[in-house]
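Start at 1 with the first residue, then count along the sequence. Predicted model only: the values in this text are computed from it and were never measured.
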Amino acid sequence: MSSPFDYEFNSINKQECTQSENKAVIVAGACAFLLALVKFTAGLFSGSVAVLGSAIDSMLDFIVSLLNLFALRKSRKQADERFNFGYTKLEALAALFECVIIVLAAGYIFYESVKKFSEPNLEIDLGLSLGVMIFSVIVTLCLVLFLNQISKKSGNLIIKADALHYKIDLFSNLAVIISLLIIKFSGFVMIDAIFGIVISGYIAQSAISLGKDALGVLLDHAASPEITAEIIKMIKAKQRISDFHYLNTRQSANTIFLTLHLVFDKDISLYDAHEVAESLEAEIREKFKEFSWQITTHLDPYNDKEGR
């Protein structure tokens, strides 16, 4: 049985987690705006399409962070008469929208890179470009480490999407630096356009992968097979449960909905069967405490699976 202290402790943890999530989105947005400003200025003056493309990506990151902050706050609203299961799917919608933005940014970088092949006399200010991209790598690395820490602590899908997004940006920035170094030591200026095309492909592929995860949440994908297998083991360990059926799960953001029928001997009292079911639910919540659980159990006096 939960004590008032447990409730207060969980409430404090939830409040701290909420503050961390808000802070993560705000910090990500501020970093994106700073990097977009610095990169865009450098891209215009240096003539590097890779730097300019990275600037556009950072500006889109800033816009997405503003939308994410709105979605994050809205998704925490309690369930009401209109939305009985709450607003948690807004996290997946925001993540899916972010994926679309990333793909569009990748398309722009690809377009600008292809255009460069028709410009035979390219000139790039390598000193300015390298300086800005090294600065971007340092800022982005710190941001990725920060977002990963918050993501592991909260399990929030929006923060997870942002962490992956900026990790992609980190590799993209490193790729731009490599291309600029190749130009510096070999004079092969077209490598800037080639790397732009490679970066755009990598960004698009990663965004599509993340989009599939977001779609899975929107389409009510089941909990992982590992979680389901562990739940079945817990059920079979309960000696007073003779059988079970209709075990179904769906995951929405960090909440898992579980429904199942538990079969008991017909002579067991309703009170005792209820106590066993409550004990099982408590074990599931304790085992997978990183998730929020909504569990509905139906108590059967015999196995009625075949009759339905």
Side-chain angles (χ1 to χ4, degrees), residues 1-18 75-92 151-157 160 213-308:
M1 179 180 292
S2 299
S3 68
F5 175 77
D6 292 332
Y7 177 79
E8 182 180 355
F9 180 75
N10 290 333
S11 298
I12 293 173
N13 279 348
K14 187 174 182 180
Q15 184 178 7
E16 289 178 351
C17 193
T18 298
S75 67
R76 296 194 190 103
K77 286 186 63 178
Q78 295 296 319
D80 52 33
E81 292 182 359
R82 187 178 180 188
F83 296 96
N84 295 168
F85 292 97
Y87 295 79
T88 54
K89 285 190 178 181
L90 279 173
E91 293 181 16
S151 175
K152 290 178 181 178
K153 183 178 179 181
S154 68
N156 186 280
L157 189 60
K160 183 179 179 181
D213 291 339
L215 276 174
V217 173
L218 294 174
L219 295 174
D220 292 331
H221 71 83
S224 70
E226 292 77 16
I227 290 178
T228 302
E230 193 64 34
I231 291 174
I232 291 174
K233 283 176 59 179
M234 293 180 184
I235 297 172
K236 290 182 176 180
K238 296 288 183 183
Q239 294 182 357
R240 305 198 72 177
I241 297 176
S242 58
D243 202 355
F244 70 95
H245 48 266
Y246 299 127
L247 192 162
N248 297 303
T249 63
R250 68 181 180 89
Q251 186 170 345
S252 178
N254 200 43
T255 301
I256 297 180
F257 296 85
L258 167 65
T259 61
L260 77 156
H261 288 209
L262 299 175
V263 182
F264 295 87
D265 186 275
K266 64 180 180 179
D267 296 325
I268 192 173
S269 69
L270 177 60
Y271 177 85
D272 288 342
H274 180 267
E275 286 294 296
V276 174
E278 286 284 300
S279 172
L280 175 65
E281 292 179 21
E283 287 180 20
I284 293 172
R285 289 190 173 94
E286 178 62 26
K287 177 70 175 180
F288 304 103
K289 58 178 64 176
E290 66 271 25
F291 298 103
S292 174
W293 287 86
Q294 296 289 334
I295 304 175
T296 303
T297 54
H298 178 81
L299 312 181
D300 283 333
Y302 57 89
N303 193 333
D304 60 353
K305 180 179 179 181
E306 291 76 20
R308 292 186 58 176

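Partners of Thr297 by side chain to side chain donor-acceptor pair (under 3.5 Å), not counting sequence neighbours, listed by chain and number: Glu281. Taking the side chain to side chain donor-acceptor pair (under 3.5 Å) definition, one finds that Ser269 meets it with Asp272, sequence neighbours left out. The side chain to side chain contact (heavy atoms under 4.5 Å, CB included) check on Glu230 picks up Lys233, Met234, Lys287, Phe288, with sequence neighbours excluded. Listed by chain and number, the residues in a side chain to side chain donor-acceptor pair (under 3.5 Å) with Lys238 are Ser279, Glu283 (sequence neighbours excluded). Legend: residues meeting side chain to side chain donor-acceptor pair (under 3.5 Å) with Glu286, ordered by chain and number and at least two apart, are Lys289.
Note that CD1 of Ile227 is 4.0 Å distant from CD1 of Ile256, once rounded to the nearest 0.5 Å. Note that CG of Asn248 is 8.5 Å distant from CG of Leu258, once rounded to the nearest 0.5 Å. Lys266 contributes atom NZ, which lies 11.5 Å from atom OH of Tyr302 (distance to the nearest 0.5 angstrom). In this structure, the separation between CD on Gln239 and CD1 on Ile241 is 11.0 Å, given to the nearest 0.5 Å.
Using a 4.5 Å heavy-atom cutoff, the side chains of Leu262 and Leu280 are in contact. Here the side chains of Leu247 and Ile235 are in contact, with some heavy-atom distance below 4.5 Å. Residues Phe244 and Val263 have side chains not in contact (no heavy-atom distance under 4.5 Å, counting atoms from C-beta outward). You'll find the side chain of Thr249 stays beyond 4.5 Å of the side chain of Gln251, heavy atoms only.
When all heavy atoms of Phe264 and Ala273 are compared, the closest pair comes out as CZ-O, 3.7 Å. Heavy atoms only, all atoms of each residue included: Ala223 and Thr228 are closest at O-OG1, 4.0 Å. When all heavy atoms of Phe291 and Trp293 are compared, the closest pair comes out as O-CD1, 3.5 Å.
Using the six-membered ring where Trp is involved, His261 and Tyr246 have ring planes that are perpendicular, over 60° apart on the 30 and 60° scheme.
Remark: the His245 side chain and the Asp243 side chain contain no N/O donor-acceptor pair separated by less than 3.5 Å.
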